[in-house]
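When reading the values below, keep in mind they use all heavy atoms of this one structure, side chains included, and skip hydrogens, waters and symmetry mates.
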Amino acid sequence: MGTTANQDQAIKQFQSIVDQIDESMKNTYQNMHQGYPTETLVRFLKARDWNVAKAHKMLVDCLEWRIQNKIDDMLTKPIIPTNLYRAVRESQLLGLSGYSKEGLPIITIGAGLSTFDKASVHYYVQSHIQINEYRDRVILPTATKKYGRHISTCLKVLDMTGLKLSALNHLKLLTTMSTIDDLNYPEKTEIYYIVNAPYIFSACWKVVKPLLQERTRKKIQVLQGCGRDELLKIMDYSSLPHFCRKEGSGSSKNTEDGSNCFSPDHAFHQQLYSYIKQQAELLDSISPIKQGSVHVGFPDPDPEDAKIAKTIESEFHRLRNLNGLSNSLNDLKVDGN
């Protein structure tokens, strides 16, 4: 695992504490670690800079969140009817484009063109958690078997095509989902690749980057243009996201070969939805499948995350004001020739 002697000691200390967790937490803990408890403890230790007491609190809080919100049952709660699920998928652009040469799943996010305007906030959070759980309980174990080594992390490629100042309207929801990930799914992403970044992203990145912990900063790579050449060093063309295949091919472009990994008709989303419906049908004899979103408790954001969100909001307001001033000046020029 490439750990130091001090880190090995921290792992042993953490393990001895976790061995004594309440019986009611053991089942959800097993669902979390999927047979790799030590690696799971290391993730929580990394997220708390190897402080055992803080990592322990984080893990217990996470297990309590899972129990209180019935996260273990999340993959038995399909978003129905199907047209509502399709609407969520078409407005919350997420997908799986394939695997890296090392076997890591490549999660894709259409950050710029996600509108989050077709359903309630609770459906988007439900969908987000379901993809996390499906990744951890199905995709990663399958990749581990296929590649013959333990795979517990993924790569994420974020497409910034179409990012506008109106994205500020989604900031609270995005912060909520980010907080859920940080507190309950720590250290699951190896690297974040940013592609097709417009000026608005560059401006925000400039002020946010200094606020990030060094560990987080090292994980984020802003690639030039669509990032195709850089990404092809770590993945085959067949796994390259559709929005990286040529310059200007962003998330909005429809593909005819089924390679649009955001589409509800993409193989990944078909498999995910079928899996959740099958799991629901297994329980159907006990309790019929109900319509309606799953309401998950939203954890309070970490103070550092809250500061970053506030900084992004301030920068968006600054850019909006500049944009308004520019438009006013242009109007003056037109009126005054």
Side-chain angles (χ1 to χ4, degrees), residues 1-75 104-105 107 125-126 128-141 143-144 150-154 156 175-190 192 212-216 218-219 294-306 308:
M1 213 181 296
T3 51
T4 66
N6 286 342
Q7 289 170 345
D8 287 339
Q9 187 60 39
I11 295 168
K12 286 179 184 175
Q13 187 183 343
F14 195 9
Q15 182 64 67
S16 66
I17 298 171
V18 171
D19 285 342
Q20 300 169 40
I21 62 171
D22 191 80
E23 198 68 33
S24 63
M25 292 184 172
K26 287 187 176 176
N27 189 52
T28 196
Y29 180 50
Q30 287 172 353
N31 262 335
M32 271 180 59
H33 68 59
Q34 291 289 314
Y36 293 90
T38 303
E39 287 79 359
T40 299
L41 297 183
V42 168
R43 288 196 293 108
F44 280 81
L45 284 165
K46 282 182 178 178
R48 289 297 176 262
D49 295 320
W50 294 88
N51 183 305
V52 175
K54 289 181 179 179
H56 177 240
K57 182 184 184 308
M58 183 186 188
L59 178 61
V60 170
D61 288 347
C62 169
L63 295 175
E64 288 177 347
W65 174 80
R66 292 183 66 88
I67 292 167
Q68 288 166 6
N69 294 285
K70 299 181 179 178
I71 301 300
D72 291 337
D73 299 332
M74 191 60 78
L75 293 179
L104 274 64
I107 305 291
V125 172
Q126 176 182 343
H128 180 79
I129 294 173
Q130 285 179 331
I131 288 177
N132 280 353
E133 291 293 311
Y134 188 73
R135 173 198 64 197
D136 292 352
R137 292 197 241 166
V138 179
I139 293 172
L140 290 172
T144 293
H150 182 226
I151 295 174
S152 62
T153 57
C154 64
K156 288 186 178 176
T175 302
T176 295
M177 293 192 291
S178 175
T179 300
I180 287 172
D181 288 354
D182 290 346
L183 297 182
N184 303 292
Y185 303 92
E187 302 294 320
K188 295 299 292 188
T189 303
E190 203 79 22
Y192 297 85
L212 298 174
Q213 293 182 4
E214 185 182 1
R215 186 182 74 253
T216 304
K218 285 181 176 178
K219 287 184 175 186
V294 175
H295 285 225
V296 173
F298 300 162
D300 292 329
D302 179 88
E304 289 187 8
D305 289 344
I308 289 168

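To the nearest 0.5 Å, atom CZ of residue Arg137 and atom CD of residue Gln130 are 10.0 Å apart. With rounding to the nearest 0.5 Å, the separation of OH in Tyr134 from CG in Leu140 is 11.5 Å. The CG atom of Leu75 lies 9.0 Å from the CG atom of Asn31; values are rounded to the nearest 0.5 Å. Interatomic distance, CG of Asp181 versus CD1 of Ile129, reported as 8.5 Å (0.5 Å rounding). To the nearest 0.5 Å, the span separating CG on Asp182 from CD on Glu187 amounts to 9.5 Å. Taken to the nearest 0.5 Å, the SG atom of Cys62 stands 11.0 Å off from the CD1 atom of Ile180.
Applying the side chain to side chain contact (heavy atoms under 4.5 Å, CB included) criterion to Leu212, with sequence neighbours excluded, gives Trp205, Val208, Thr216, Arg217, Ile220, Ile308. For Lys26, the salt bridge (Lys or Arg N to Asp or Glu O under 4.0 Å) partners are Glu23, not counting sequence neighbours. Residues passing the side-chain hydrogen bond (donor to acceptor under 3.5 Å, both in side chains) test with Thr28, sequence neighbours excluded: Arg66, Asp72. Residues forming a side chain to side chain contact (heavy atoms under 4.5 Å, CB included) with Tyr36 (at least two apart in sequence, or on another chain): Glu39, Thr144, His150.
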| request: Show your working on side-chain hydrogen bond (donor to acceptor under 3.5 Å, both in side chains) between Asp22 and Ser24 and close with a plain yes or no. | output: CA-CA 5 Å; Asp22 191 80; Ser24 63; 2.4 Å; yes
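No donor-acceptor distance shorter than 3.5 angstrom exists from the side chain of Glu190 to the backbone of Thr153, with no hydrogens or angles considered. Between the side chain of Asn69 and the main chain of Val296, no donor-acceptor pair closer than 3.5 Å is present.
Taking all atoms of both residues into account, the shortest heavy-atom contact from Pro105 to Ile151 is CD-CG2, 4.2 Å. Taking each heavy atom of Trp65 and Gly297 in turn, the nearest pair found is NE1-O, 3.1 Å. Nearest heavy-atom pair, Leu41 versus Tyr29, reported as atom, atom and distance to 0.1 Å: CD2-OH, 3.3 Å. Residues Gln34 and Pro141 share a closest heavy-atom pair of OE1-CG, 4.0 Å.
At a threshold of 4.5 Å between non-hydrogen side-chain atoms, the residues Lys70 and Val294 do not count as touching. Using a 4.5 Å cut-off on side-chain heavy atoms (C-beta onward), Ile71 and Glu133 make contact. Residues Gln213 and Lys219 have side chains not in contact (no heavy-atom distance under 4.5 Å, counting atoms from C-beta outward). Using a 4.5 Å heavy-atom cutoff, the side chains of Met32 and Leu59 are in contact. The shortest distance between side-chain heavy atoms of Leu104 and Cys154 does not fall below 4.5 Å.
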Only pairs under 3.5 Å count here: list side-chain donor-acceptor contacts from residues 9-19, not counting sequence neighbours, and write none if there are none.
unit_1	atom_1	unit_2	atom_2	d
Gln15	NE2	Asp19	OD1	2.7
Ser16	OG	Gln13	O	2.7

Show the atom names and distances, to 0.1 Å, of all donor-acceptor pairs under 3.5 Å that link a side chain in residues 46-58 to residues at least two apart or in another chain.
unit_1	atom_1	unit_2	atom_2	d
Asp49	OD1	Arg215	NH1	3.2
Asn51	OD1	Ala53	N	3.1
Asn51	OD1	Lys54	N	3.0
Lys57	NZ	Asp61	OD2	2.6

